[in-house]
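Data block below; observations after.
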Amino acid sequence: MKFDIARQPLVPAFMTLFALAVAAMCAGIPVPDTETSGAVREALPLLGGQLARFQAAYPVWSKFAAGFMLLFAGMCTGRISIRYNLYTVGTCLPIPLYAIVACGIATGGNYLAGFAASMLLALATKNYCRAFCNGYGFDAIFRASLYLGLMPLIYAPALPLLLLLPLAVLLFRRTFREVVVATAGLLLPIFTACYVSWGSGAEFTAPLVTVGQSAIEGMPLQLFLDIPLPAFVMAGGIVLLDLTALFFFLADIYAAGTKPRFILFYNIGILVLALTLLCSPAATPEAFALLAVPSAILIPVFFVRIHRGMALPVYLIFLAAAFAGIFLQYYICLLYTSDA
């Protein structure tokens with residue numbers, strides 16, 4: 001019996017996710033460049049700065065925390081596809097695809113903040129999908145907006161992803177009452193930060209200014225000039241798979257039901273915003289972890305629609321490239337340490 005990668009069951013999917021997470025935490029953590037560390041820290045204000053300091057003070061615990069975030073976000077992303085039957089076939093393929101994208105391109109020196117932001121995006125996506133229901137979905141849309149509002153406090157370049165709230169409201173046809181609740185959840189984290197800032201004697205608007213400045217400082221497309229060539233090639237391959245999956249989806253748009261179709265449309269919006277984020281001036285390699293969420297949900301459309309004889313080699317190539325990228329970062333770390 002031939003193994004069909006498009007209908008991958010839970011056990012091998014989780015084992016692949018676990019293997020990539022362990023490899024990334026053990027061998028794929030790069031050494032931050034002292035010349036660019038200041039610019040990277042500017043992209044991590046407020047809560048992101050706290051995570052960066054925790055990572056520097058407790059590297060072992062940081063790796064355990066980052067590994068847990070990878071596992072949690074991967075399973076959360078996979079659950080979305082299973083719960084809403086996005087591909088008309090039962091598959092857990094988004095689970096390993098999340099790790100392939102999140103770990104295989106470029107981890108980044110401040111990996112803890114990057115994986116935390118990616119986990120929040122996965123939770124926000126999961127709860128926005130839950131809010132797409134008959135009747136009111138106050139609880140789900142509030143929690144989704146709360147997770148979304150926390151993201152810029154951890155990783156400032158993620159600020160454009162706040163547009164996911166109006167996108168969810170329009171696509172999932174939420175009521176005005178739910179919009180008010182969602183707006184409250186979105187603004188709660190930043191207003192809490194402003195209140196803490198004011199209570200500590202600083203300006204009330206200081207966190208707003210800090211996040212805004214951190215999100216626009218730098219030069220556009222600088223990220224692609226800083227990452228190594230293998231990571232650039234891997235990123236290009238992932239984007240090519242995303243675009244191919246998008247083509248297959250639009251070519252037979254009514255193959256899925258109404259709810260799966262709108263959820264896939266929503267993830268296309270996340271993909272567009274994530275790609276825009278990568279081109280922003282303040283983007284750092286940690287932003288690739290955010291690309292993992294929409295890519296993991298959209299790419300299975302490609303694997304489901306093509307012949308399984310072609311799907312398996314393509315999947316294995318990207319899986320091998322992800323492991324190779326992880327260990328390549330390890331050897332770069334060794335060269336960096338020996339030169340120092």
Side-chain angles (χ1 to χ4, degrees), residues 73 76-77 79-81 83-84 86 94 98 101 117-190 211-212 215 239 242-243 245-247 249-250 253-254 256-280 283 287-301:
C76 183
T77 304
R79 186 181 177 188
I80 294 172
S81 65
R83 179 172 184 177
Y84 300 104
L86 298 184
Y98 173 86
V101 181
S118 182
M119 182 182 67
L120 289 174
L121 179 58
L123 286 169
T125 304
K126 171 187 170 183
N127 282 277
Y128 276 133
C129 293
R130 283 187 58 201
F132 187 22
C133 59
N134 296 324
Y136 293 115
F138 292 118
D139 176 62
I141 202 167
F142 176 82
R143 285 193 288 175
S145 302
L146 181 66
Y147 296 137
L148 198 63
L150 280 170
M151 287 175 56
L153 302 182
I154 292 177
Y155 186 65
L159 195 62
L161 292 178
L162 297 185
L163 294 174
L164 292 176
L165 171 56
L167 179 64
V169 169
L170 293 174
L171 275 179
F172 300 154
R173 300 172 185 174
R174 296 298 87 198
T175 65
F176 179 74
R177 293 181 182 180
E178 289 170 303
V179 172
V180 173
V181 172
T183 305
L186 185 73
L187 297 178
L188 181 60
I190 189 63
V211 172
V239 173
D242 284 324
L243 295 179
L246 177 60
F247 171 78
F249 171 65
L250 295 178
I253 195 171
Y254 293 104
T258 301
K259 181 174 285 191
R261 185 166 65 250
F262 277 92
I263 290 175
L264 287 172
F265 270 127
Y266 180 69
N267 279 276
I268 292 171
I270 301 176
L271 176 66
V272 171
L273 289 174
L275 293 176
T276 304
L277 188 155
L278 293 176
C279 301
S280 66
F288 287 116
L290 298 173
L291 182 64
V293 176
S295 296
I297 294 176
L298 289 174
I299 291 177
V301 175

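Residues: numbered from 1 along the sequence shown. From a predicted model like this one, the values you see are computed outputs, not experimental measurements.
Here CG of L146 is found 5.0 Å from CG of L150. Values are rounded to the nearest 0.5 Å. In this structure, Y84 OH and K126 NZ are separated by 9.0 Å, a value rounded to the nearest 0.5 Å. Rounding to the nearest 0.5 Å places CG of L86 at 12.5 Å from CZ of R261. Atom CG in L246 sits 11.5 Å away from atom CG in N267 (nearest 0.5 Å).
Under a cut-off of 6.0 angstrom, the local environment of CZ in R79 is sparse, with at most 12 non-hydrogen atoms contributed by other residues, nucleotides or ligands.
Under the 4.5 Å side-chain criterion, counting only non-hydrogen atoms from C-beta, L162 is not in contact with M151. In this structure, the side chains of S145 and T183 stay at 4.5 Å or more apart for every pair of heavy atoms. C129 places a side-chain heavy atom less than 4.5 Å from the side chain of I263. A heavy-atom distance below 4.5 Å is found between the side chains of Y98 and S118. The side-chain heavy atoms of F132 and L171, taken from C-beta on, include no pair separated by under 4.5 Å. Contact annotation: the side chain of N127 never approaches that of I141 to less than 4.5 Å [non-hydrogen atoms, C-beta and beyond]. By the 4.5 Å heavy-atom criterion applied to side chains, I80 and P94 are not counted as neighbours. P152 is not listed as a side-chain neighbour of I190, based on a closest heavy-atom distance of 4.5 Å or more.
Residues that satisfy the side chain to side chain donor-acceptor pair (under 3.5 Å) test with T77, not counting sequence neighbours, are absent from this structure.
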task: Apply side chain to side chain contact (heavy atoms under 4.5 Å, CB included) to the pair I270 and I297, showing each step before the final yes or no.
output: CA-CA 10 Å; I270 301 176; I297 294 176; over 6 Å; no
field: side chain to side chain contact (heavy atoms under 4.5 Å, CB included) between L164 and L121, worked out
entry: CA-CA 10 Å; L164 292 176; L121 179 58; 3.8 Å; yes
- prompt: Are F172 and F262 close enough, and set up right, to give a ring-ring contact (aromatic ring centres under 6.0 Å, His included), and what steps lead you there?
  reply: CA-CA 7 Å; F172 300 154; F262 277 92; 7.6 Å; no
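Checking T125 against Y266 by side-chain atom types alone, no donor-acceptor pair falls below 3.5 Å.
Closest of all the heavy-atom pairs between A131 and A140 is N-CB, 3.8 Å.
Checked against a 6.0 Å centroid threshold, the rings of F265 and F249 count as neighbours.
The stretch residues 163-175 participates, sequence neighbours left out, in these side chain to side chain donor-acceptor pair (under 3.5 Å) pairs: R174-E178, T175-E178.
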